Amino acid sequence: MINKKEIRQIQISKLQNLPADERITQATQIFANFKNTKNFQQAKNIAMFWSTELELPTHEFINEIKTHKHVYLPVVAPQHQLIFRKFVSEATMQTNRGIDEPTPDSPTISPNDLDLIVVPGLIFSRTKYRIGFGGGYYDRFLAKYDNFSTALSFKEQFVSDPTWEIDSFDRPVKQLITPNAIY
Ligand SMILES: Nc1nc2c(c(=O)[nH]1)N(C=O)[C@@H](CNc1ccc(C(=O)N[C@@H](CCC(=O)O)C(=O)O)cc1)CN2
Ligand SMILES: Nc1ncnc2c1ncn2[C@@H]1O[C@H](COP(=O)(O)OP(=O)(O)OP(=O)(O)O)[C@@H](O)[C@H]1O
């Protein structure tokens, strides 16, 4: 078993080395698969994440679906809590510790009014476990969230079985989408 910290370092360097054209090709396939799912099609209120350089690029997709879905984005709050605020436009975002978040005047939503949440991460298993950046924000959030959750994974972020020890607080997502498959 490798520890989570070592896995984060390995995954960050893998993502840094992923060529731009490969990122675009895989992202196109992933979002096409996602749009084909029943849960995406039926969802009215969707929580996405606003990608950083390293992550699956989500900005274009968010701007596209915003015309027919309500999109919410995470905002970090005290005690490692996440709240979700509506994505209004790129002009109503502000940077907090390197991550863009909707400004405080953007409407919030109660977690269980979200139909679907897309959970970010660095590595994902076929069994739907994940490792994120280490804040425990999403594990805490998923512990009290009842609706659908999905993760979107580059091939380089996918493993069949976790190579790390699953902790009692780790919460799997309900669905995992790669360029080739939906699990
Ligand atoms: N695009 C995107 N947005 C996201 C996440 C993500 O993984 N991706 N998050 C996924 O969770 C949340 C933000 N995660 C964060 C994780 C760490 C720190 C942070 O400031 N960490 C400190 C050290 C940790 C600490 O002291 O608690 C630091 O880096 O200095 C901030 C936000 C919500 N938004
Ligand atoms: N439900 C919870 N209640 C209290 N603490 C928690 C909970 N879930 C996770 N944590 C704490 O959060 C810390 C980070 O967890 P972990 O290393 O699994 O992060 P991660 O999965 O990479 O982060 P994230 O979920 O934000 O993507 C751990 O030290 C753990 O103690």
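Each ligand, and each atom within it, is numbered from 1 in the order the structure gives. All figures in this text were calculated on a predicted structure; none of them were measured in a lab.
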Which pairs would a plain distance check flag for residues 165-173, meaning a side-chain donor or acceptor within less than 3.5 Å of a matching protein atom at least two apart in sequence or in another chain?
{"unit_1": "D167", "atom_1": "OD2", "unit_2": "K4", "atom_2": "NZ", "d": "2.9"}
{"unit_1": "D170", "atom_1": "OD1", "unit_2": "K4", "atom_2": "NZ", "d": "2.9"}
{"unit_1": "D170", "atom_1": "OD2", "unit_2": "K4", "atom_2": "NZ", "d": "3.0"}
{"unit_1": "D170", "atom_1": "OD2", "unit_2": "D167", "atom_2": "N", "d": "2.8"}
{"unit_1": "R171", "atom_1": "NH1", "unit_2": "S168", "atom_2": "O", "d": "3.3"}

Item to check | salt bridge (charged side-chain N to carboxylate O under 4.0 Å, His left out) between K44 and D113, worked out | outcome: CA-CA 9 Å; K44 291 188 173 70; D113 288 338; over 6 Å; no
Next on the checklist: Tell me which residues fall inside the under-4.0 Å heavy-atom shell around ligand 2.
Outcome noted: K4, R8, R130, I131, G132, F133, G134, G135, G136, Y137, Y138, D139, R140, F169, D170
Next on the checklist: Keeping N147 on the side-chain end and N112 on the backbone end, is there a donor-acceptor pair under 3.5 Å?
Outcome noted: yes
Next on the checklist: Taking atom CD as the centre, does E53 end up with more than 12 heavy-atom neighbours from other residues, nucleotides or ligands that are less than 6.0 angstrom away?
Outcome noted: no
Item to check | Qualifying ring pair (Phe, Tyr, Trp, His ring centres under 6.0 Å) pairs, either residue in residues 1-33, two or more places apart | outcome: F31-F61
Item to check | Residue from Y72, Y137, F49, F141 passing ring-ring contact (aromatic ring centres under 6.0 Å, His included) with F84 | outcome: F141
Checklist entry - Does P19 offer a backbone N or O that forms a donor-acceptor pair with the side chain of E22 under 3.5 Å? => result no
Next on the checklist: As an exercise, state the distance from NE2 of H59 to CG of D100, rounded to the nearest 0.5 Å.
Outcome noted: 7.0 Å
Item to check | Any donor-acceptor pair under 3.5 Å from Q94 side chain to P104 backbone | outcome: no
Ligand-protein N/O pairs under 3.5 Å (ligand 1):
{"unit_1": "ligand 1", "atom_1": "1 (N)", "unit_2": "W50", "atom_2": "O", "d": "2.9"}
{"unit_1": "ligand 1", "atom_1": "1 (N)", "unit_2": "E55", "atom_2": "OE1", "d": "2.7"}
{"unit_1": "ligand 1", "atom_1": "8 (N)", "unit_2": "E55", "atom_2": "OE1", "d": "3.4"}
{"unit_1": "ligand 1", "atom_1": "8 (N)", "unit_2": "E55", "atom_2": "OE2", "d": "2.8"}
{"unit_1": "ligand 1", "atom_1": "20 (O)", "unit_2": "R97", "atom_2": "NE", "d": "3.4"}
{"unit_1": "ligand 1", "atom_1": "20 (O)", "unit_2": "R97", "atom_2": "NH1", "d": "3.1"}

